[in-house]
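This report refers to the structure that appears directly beneath it.
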Amino acid sequence: MGIRQVPVNTLEDGMFCDSVYAVRRKQLATAKTGKPYLNLTLADRTGEIVARVFRNADYFSQLFSEGDFVYVQAKVQSYEGKLQLVIDALERIAPGEISAEDFLPAGRIAPEILKTHLRAILETIADDRIRRLCLMAMFETPEGEAFCRAPAAQNMHHAHLYGLLEHTVSVLLLLDMVSRHYTNVNRDVLLAGGLFHDFGKVYELEYARSFGYTDRGRLVPHLIIGVQLLGEWCARIPDFPAEAKLQIEHIILAHHGTREFGSPVIPATVEALIVHQVDDMDAKVWAMLNHIEKAGPDAQWTDRHGLLGTYLRRTSSAAADLYGFHLPGDAQPESAPVQTSLFGKK
């Protein structure tokens, strides 16, 4: 059987679809008639779609598990305003027959570009030991290699391959700008905290064949894993300053902002507060623009965003480049207006 791929974002009502997809979710349920049926979420790198198996559900359920890849023959139907697949036939595909990465969403920015920007800003850290810590963790450890492939989240923001790298580069460049505005902050600690705040996600999240949580990640959150990794890496740097380590640990533990959202402590240093606010802003801006883009180019308003809790209105082109990526010391772009003051006076 040849491997056929019909992208999810090209499916239309009434189509017949025979294609390979990744199984994101699987549930054997019971209809009101008492008959079993399979409720699935299938996906490729372009999106997800609900799929259902009404005939021979018990038999087909035994053929595959969540995280597997399946070849389906199905009819595309509109149900309650959304497309779904009604599957007639299904077959599990052996992992060796396909590349799992082809079925995972990927960011628009090449990881090599992101790594170049990341190294460049880390090189600007003034303290030799903090700079060495950051560069070693990022470019000389297995965790650093995994960091460059991992998503930043399962769903909420930067939920794609290289998403953790993209989010972190964005956070670091924003922190650099903030450190130039609020001059009485420790820029080295700020940047180190920005780098390490989500580092534990390399072990919290699963991203080999699909996005989800590992057993370790469900039991120990990435904030704790991040502090554990930091301790290991600081021990490799001779005479690493204990005060800097303590402050970076606090940033990692406090970056969710409140205990309600998973932080063991709330920000108690200005650097921890800044990292929390910048991290939260970057995640939500990405989530909003991504949701607007998915609504389509002609949509003025989106459906309600479940996590943000509101409908979103388009105010610009969501498909445009999201980042400026101006490194410290870069000249201001010629197209940018000259900033005089907050009130327009020189």
Run the numbers on Leu289 and Leu312 for side-chain contact (heavy atoms from CB on, under 4.5 Å), then give the verdict.
-> CA-CA 9 Å; Leu289 291 179; Leu312 305 177; over 6 Å; no

Which heavy atom in Leu165 sits nearest to a heavy atom in Pro111, and how many Å separate them?
-> CD2-O, 3.8 Å

Are Leu83 and Asp13 side-chain neighbours, meaning at least one heavy-atom pair lies under 4.5 Å?
-> yes

Between Tyr21 and Phe69, ring centroids under 6.0 Å | no

Kindly say whether Arg52 contributes a backbone atom to a donor-acceptor pair with the side chain of Asn39 at under 3.5 angstrom?
-> no

Going only through I, L, V, M, F, W and Y residues with side-chain contacts under 4.5 Å, is there a path from Val53 to Met15?
-> yes

Residues pairing under side chain to side chain donor-acceptor pair (under 3.5 Å) where one sits in residues 296-305, two or more places apart or in two chains, turn out to be none

Rounded to the nearest 0.5 Å, how far apart are OG of Ser19 and CG of Asp44?
-> 7.0 Å

More than 12 heavy atoms of other groups within 6.0 Å of Phe54 CZ | yes

Trp286/His158 under ring pair (Phe, Tyr, Trp, His ring centres under 6.0 Å): CA gap, chis, key distance, verdict | CA-CA 7 Å; Trp286 190 96; His158 300 84; 5.0 Å; yes

Return the minimal non-hydrogen interatomic distance between Pro105 and Ala159, and the atom names on each side.
-> CG-O, 3.6 Å

What's the verdict on salt bridge (charged side-chain N to carboxylate O under 4.0 Å, His left out) for Asp176 and Arg187, showing C-alpha distance, side-chain angles and the deciding distance?
-> CA-CA 7 Å; Asp176 171 68; Arg187 180 179 182 274; 2.9 Å; yes

Kindly say whether Leu164 contributes a backbone atom to a donor-acceptor pair with the side chain of Thr168 at under 3.5 angstrom?
-> yes

Taking atom OG1 of Thr46 and atom CZ of Phe103, what is their separation to the nearest 0.5 Å?
-> 10.5 Å

Side-chain donor or acceptor of Thr183 paired with backbone N/O of Arg180 under 3.5 Å = no

Side-chain heavy atoms of Glu166 within contact of His160, under 4.5 Å | yes

Salt bridge flag under 4.0 Å for residues Arg25 and Glu48 = yes

Taking all heavy atoms of Leu11 and all of Cys17, pick out the closest pair and write down the distance.
-> CD2-SG, 4.0 Å

Kindly list each side-chain donor-acceptor pair under 3.5 angstrom involving residues 219-235, sequence neighbours excluded, with atom names and distances?
from	atom 1	to	atom 2	distance (Å)
His222	ND1	Glu204	OE1	3.0
His222	ND1	Glu204	OE2	3.3
His222	NE2	Asp198	OD1	3.2
His222	NE2	His255	NE2	3.4
Gln228	OE1	Arg216	NH2	3.4

I would like to know whether His167 and Asp279 meet side-chain hydrogen bond (donor to acceptor under 3.5 Å, both in side chains); could you show each step before the answer?
-> CA-CA 8 Å; His167 169 59; Asp279 171 50; 2.8 Å; yes

Does a side-chain N-to-carboxylate-O contact under 4.0 Å join Asp239 and Arg129?
-> no

Taking C-beta and beyond as the side chain, do Leu104 and Tyr207 meet within less than 4.5 Å on heavy atoms?
-> no

Between atom CD of Gln27 and atom OG1 of Thr41, what is the distance when rounded to the nearest 0.5 Å?
-> 9.5 Å

Kindly indicate, with the supporting measurements, whether the criterion side-chain contact (heavy atoms from CB on, under 4.5 Å) is fulfilled by Leu174 and Met281.
-> CA-CA 10 Å; Leu174 289 167; Met281 178 181 71; 3.8 Å; yes

Is there side-chain contact between Leu308 and Met288, with heavy atoms separated by less than 4.5 Å?
-> yes

dist Ile248:CD1 -> Leu195:CG (nearest 0.5 Å) comes out at 9.0 Å

All heavy atoms of Gly193 vs all of Ile251, minimum pair found to be CA-CG2, 3.7 Å

Heavy-atom closest contact (Gly47 atom, Val8 atom, distance) | O-CG2, 3.7 Å

Check for a donor-acceptor pair, side chain of His250 on one end and backbone N or O of Ala268 on the other, with a separation under 3.5 Å.
-> yes

Begin from the C-alpha positions of Val278 and Val178 and carry the test side-chain contact (heavy atoms from CB on, under 4.5 Å) through to its verdict.
-> CA-CA 9 Å; Val278 167; Val178 172; 4.2 Å; yes

In the single-linkage hydrophobic clustering (I, L, V, M, F, W, Y; side-chain heavy atoms under 4.5 Å), do Ile274 and Val189 co-cluster?
-> yes

Taking side chain as C-beta onward, heavy atoms only, is Val171 less than 4.5 Å from Leu175?
-> yes

Look up atom OH in Tyr162 and atom CZ in Phe147, then write down how far apart they are to the nearest 0.5 Å.
-> 15.0 Å

Establish whether Leu307 and Ile292 are linked, either directly or via other cluster members, by ILVMFWY side-chain heavy-atom contacts under 4.5 Å.
-> yes

Kindly determine whether Leu205 and Phe211 satisfy side-chain contact (heavy atoms from CB on, under 4.5 Å), including the steps that lead there.
-> CA-CA 7 Å; Leu205 297 174; Phe211 296 159; over 6 Å; no

For the student: nearest non-hydrogen atoms of Phe16 and Gln73, plus distance = CZ-CB, 3.9 Å

Flag, side chain of Thr269 to backbone of Ala272, donor-acceptor distance under 3.5 Å = yes

Checking His197 side chain against Ile252 main chain: does a donor-acceptor pair fall under 3.5 Å?
-> no

Apply salt bridge (charged side-chain N to carboxylate O under 4.0 Å, His left out) to the pair Glu12 and Lys75, showing each step before the final yes or no.
-> CA-CA 10 Å; Glu12 297 179 1; Lys75 183 73 177 291; over 6 Å; no

Do the side chain of His117 and the main chain of Ile113 share a donor and acceptor less than 3.5 angstrom apart?
-> yes

With a cut-off of 3.5 Å and sequence neighbours excluded, list every side-chain donor-acceptor pair involving residues 131-145.
from	atom 1	to	atom 2	distance (Å)
Arg131	NH1	Ile125	O	2.7
Arg131	NH1	Ala126	O	3.3
Arg131	NH1	Asp128	OD1	3.4
Arg131	NH2	Asp128	OD1	2.7
Arg132	NH1	Glu140	OE1	3.4
Arg132	NH1	Glu140	OE2	2.7
Arg132	NH2	Glu140	OE1	3.1
Thr141	OG1	Ala137	O	2.6
Thr141	OG1	Gly144	N	2.9
Glu143	OE2	Tyr203	OH	2.6

Return yes when atom OH of Tyr59 has more than 12 non-hydrogen atoms of other residues, nucleotides or ligands closer than 6.0 Å, and no otherwise.
-> no

Is it true that a side-chain atom of Arg314 and a backbone atom of Ala299 form a donor plus acceptor pair closer than 3.5 Å?
-> yes

Kindly say whether Lys82 contributes a backbone atom to a donor-acceptor pair with the side chain of Glu80 at under 3.5 angstrom?
-> no

Taking side chain as C-beta onward, heavy atoms only, is Glu243 less than 4.5 Å from Leu246?
-> yes

Is a donor on one side and an acceptor on the other found under 3.5 Å between the side chain of Lys26 and the backbone of Phe64?
-> yes

More than 12 non-hydrogen atoms from neighbouring residues, nucleotides or ligands closer than 6.0 Å to CZ on Arg236, yes or no?
-> yes

Between CG of Leu40 and OG of Ser61, what distance do you get to the nearest 0.5 Å?
-> 8.5 Å

